[in-house]
Amino acid sequence: MVIACVISSLVTFGGTWIYFNSQNNNQNNINSNQKISYTQNEENSILPNTKQNSDTSSIFNQSIKSVVGISVLNIDSSSIFDNNSSASMNMGSGIIVSSDGYIVTNQHVAGSINNKVIVTLENGSSYDGITKWVDEVLDLAIVKINAVNLDVSILGDSDTLNLGEAAYAIGNPLGMDFQRTITSGIISALNRTIKIGEGSLVSYMQDLIQTDAAINSGNSGGPLINSKGEVIGINTIKVTGAEGIGFAIPINIIKPIIESYINNGSFEEAYLGIFAYDNKLLGYLNSNMVVDDGICIANIDKFGPLKNSKMKVGDILLSIDGNILNTMVELRKYLYTKKPLDTVEIKYMTVAGVEISEKITLSKKK
């Protein structure tokens, strides 16, 4: 089974510019409060009557206003002075999360920190943007443009999703020709772990939302929304060679980072200094290892906060500050709520079966 990142690549030559055409140039922007709106998620079905369909259409028309196109120019040459060089414009999607221009997208769309991108709004206007924060493991990024009074996405609660609940993917499949396409489906599964790559290049994406709403090339970074128009996930990858199997990253994991940028203009990430495998993954790695709770320690930064800890590779991290852990994403999600120099209490079980509790001072992730 092959997993493919869903970012489109359109080839241009001689510096030709690629842009998104506006579908509705006359729509007015709505002034939005700087704070993110969180609403309690409820299971809703779309009923086949005129009023319900009208309400749903209105929700979609509002939702697409906060969806953007993101373009990154790549030069295919060893030298910018090479006359035979060609350029390609990689295109993806994103959502506006603050009225002054913070945008959430995928890392494989936005690139590395300080990378320059072009952001195109629903009304056709374009802005220079810069990538402010990335997490390659989660495939998430935050981009900033200098703008005001932008329409803002409403963020839902991805922790309360139910199987079979309606879901809709919005994005720019296949580039500018089909911008802001809406596809419909359901929540097919939750907490999915998928294997990416082969051999020594294998990695895993964890705690994903699975949906059968069509996610096509160029949808990366766009929203997965519920029937109320709330963003419940960020579209990221699809299974090639199969129909109706796509994945989104739950929106709740990035909320603390969004809030930090909106309130402080920055985010200082707390660092524990470990990498661990989910207990679900242990069957891939060692068929003889069975763990009911906790995550298996695969690597410890010997210069990090755990340098004086008794923890060793192979131990099972059970909890942090009393929060039971079953996935590495749960650990990351909790650490995003902490600050450098905060103290946390970890509980882990050694290979010999001994439980140990330690207090650790977090450092700043470099």
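- In the hydrophobic clustering of ILVMFWY residues, with side-chain heavy atoms under 4.5 Å counting as a link, L341 and L362 come out apart.
- In plain terms, the two heavy atoms of D342 and K339 that are nearest each other are OD2-N, 2.8 Å.
- Put simply, the side chain of T131 never gets that close to the backbone of G111: no donor and acceptor are under 3.5 Å apart.
- Scanning for ring pair (Phe, Tyr, Trp, His ring centres under 6.0 Å) contacts around Y102 gives Y261, with sequence neighbours left out.
- Across all non-hydrogen atoms, the minimal contact from K65 to D151 is CB-OD2, 3.8 Å.
- In this structure, CD1 in I234 is found 12.0 Å from CG in L138, a value given to the nearest 0.5 Å.
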(request) Could you check D128 against I118 for side-chain contact (heavy atoms from CB on, under 4.5 Å), going step by step and ending with a plain yes or no? (result) CA-CA 5 Å; D128 292 330; I118 302 296; 3.3 Å; yes
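- Screening residues 307-335 for salt bridge (charged side-chain N to carboxylate O under 4.0 Å, His left out), with sequence neighbours left out, gives D135-R332, D159-K333.
- Side-chain contact between V67 and E122 is absent, with no heavy-atom pair separated by less than 4.5 Å.
- V231 has its side chain out of reach of V104: every pair of non-hydrogen atoms, C-beta onward, lies at least 4.5 Å apart.
- S93 has its side chain out of reach of N235: every pair of non-hydrogen atoms, C-beta onward, lies at least 4.5 Å apart.
- Formation of a donor-acceptor pair under 3.5 Å by the D139 side chain with backbone atoms of N106 is not found in this model.
- Cluster membership check: I130 does not share its hydrophobic cluster with W133, using side-chain heavy-atom separations under 4.5 Å among Ile, Leu, Val, Met, Phe, Trp and Tyr.
- Residue E136 places its CD atom among 12 or fewer non-hydrogen atoms of other residues, nucleotides or ligands, all under 6.0 Å distant.
- Expressed to the nearest 0.5 Å, how far CD1 of I245 lies from NZ of K238 amounts to 10.5 Å.
- Checked by atom type and distance alone, the side chain of S66 never pairs as donor or acceptor with a backbone atom of I96 at under 3.5 Å.
- Under the 3.5 Å distance criterion, the side-chain polar atoms of S125 are left unmatched by any main-chain donor or acceptor of L121.
- I95 pairs with exactly one of V152, L155, T105, I225 by the side chain to side chain contact (heavy atoms under 4.5 Å, CB included) rule, that one being L155.
- By the neighbour-count criterion of 12 heavy atoms within 6.0 Å, atom NZ of K132 is sparsely surrounded, having that number or fewer from other residues, nucleotides or ligands.
- Annotation for I64 and N61: closest pair CG1-O, 3.4 Å, computed over non-hydrogen atoms.
- Taking CZ of F247 as the reference point, atom OG1 of T236 lies at 10.0 Å (rounded to 0.5 Å).
- In this structure, L150 and I145 have side chains that are in contact, with non-hydrogen atoms separated by less than 4.5 Å.
- I257 CD1 to I142 CD1: the interatomic distance, rounded to the nearest 0.5 Å, is 6.0 Å.
- Formation of a donor-acceptor pair under 3.5 Å by the Y348 side chain with backbone atoms of M311 is found in this model.
- The two residues I316 and G294 have their closest heavy-atom pair at CG2-CA, 3.8 Å.
- Remark: D301 engages Y271 in a side-chain hydrogen bond (donor to acceptor under 3.5 Å, both in side chains) (not counting sequence neighbours).
- By the side-chain hydrogen bond (donor to acceptor under 3.5 Å, both in side chains) test, N326 pairs with N279, sequence neighbours left out.
- Membership of the apolar cluster around V134 extends to I113, as traced through chained side-chain contacts below 4.5 Å between ILVMFWY residues.
- Heavy atoms only, all atoms of each residue included: I170 and S63 are closest at CD1-CB, 4.0 Å.
- Among all heavy-atom pairs drawn from T211 and A167, the shortest one is OG1-CB, 4.1 Å.
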(request) Begin with the C-alpha distance, continue with both residues' side-chain angles, and end with the deciding distance and a verdict on side-chain contact (heavy atoms from CB on, under 4.5 Å) for S99 and N149. (result) CA-CA 5 Å; S99 61; N149 298 328; 5.7 Å; no
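- For the side chain to side chain contact (heavy atoms under 4.5 Å, CB included) with I346, the qualifying choice from L318, L331, L306, I356 is L306, the only one to do so.
- Residues Y277 and V137 fall into different hydrophobic clusters, defined by Ile, Leu, Val, Met, Phe, Trp and Tyr side chains chained together at heavy-atom separations under 4.5 Å.
- For the atom pair OG of S363 and CD of E268, the computed distance is 11.5 Å after rounding to the nearest 0.5 Å.
- Taken from CG in N115 to CD in Q107, the straight-line distance is 9.5 Å, to the nearest 0.5 Å.
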Which atom pairs, donor and acceptor, lie under 3.5 Å between side-chain atoms of residues 183-190 and protein residues at least two apart or in another chain?
| unit_1 | atom_1 | unit_2 | atom_2 | d |
| --- | --- | --- | --- | --- |
| T183 | OG1 | A214 | N | 3.4 |
| T183 | OG1 | A214 | O | 2.7 |
| S188 | OG | D212 | N | 3.3 |

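- Sparse packing is recorded around CG of N146, with 12 or fewer heavy atoms of other residues, nucleotides or ligands lying under 6.0 Å away.
- Under the 4.5 Å side-chain heavy-atom criterion for Ile, Leu, Val, Met, Phe, Trp and Tyr, V354 and L317 are members of the same hydrophobic cluster.
- For the residue pair N263/E259, the side-chain donor-acceptor check at 3.5 Å is not satisfied.
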